[in-house]
Amino acid sequence: MTALLDEHPRLGVECVLRELHIASSTYYRWRRAEREPCERRRRDVEMTERIKEIHTESGGV
């Protein structure tokens, strides 16, 4: 959703939200989460990177 609006800024946020029946507060919460991920999201990203490292170091096992 946010990617669509990023790629097509001329569409206008409010028009798109209205057509998709999405509350503007939901959209802005998504945007804030992209800029300021919660602690859980940050830990998940760190853990995913560590898992990838271990997988590579183990030869894909």
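Position 1 is the first residue of the sequence; numbering continues from there. As a basis for the values below, the full set of heavy atoms in this structure was taken, side chains included, without hydrogen atoms, waters or symmetry mates. Since we're looking at a predicted model, the values are computed, not measured.
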Just by modelled atom types, is the I22 backbone N or O under 3.5 Å from a matching donor or acceptor in the T26 side chain?
-> no
Taking atom CG of L20 and atom SG of C15, what is their separation to the nearest 0.5 Å?
-> 11.0 Å
Calculate, to the nearest 0.5 Å, the distance between atoms CD and CZ belonging to E34 and R41 respectively.
-> 10.5 Å
Apply side-chain contact (heavy atoms from CB on, under 4.5 Å) to E49 and E46, showing your working.
-> CA-CA 5 Å; E49 290 306 311; E46 291 171 6; 5.9 Å; no
Nearest 0.5 Å, what's the NE2-CZ distance between H55 and R50?
-> 13.5 Å
In terms of hydrophobic clusters joined by side-chain contacts under 4.5 Å, are V45 and W30 together?
-> no
Would you kindly say whether R31 and Y27 are connected by a side-chain donor-acceptor distance under 3.5 Å?
-> yes
Considering only heavy atoms from C-beta outward, does the side chain of R43 approach that of M47 to under 4.5 Å?
-> no
From CD1 (I51) to OG1 (T56), nearest 0.5 Å = 11.5 Å
Evaluate whether atom CD of E19 has more than 12 neighbouring non-hydrogen atoms of other residues, nucleotides or ligands under 6.0 angstrom away.
-> no
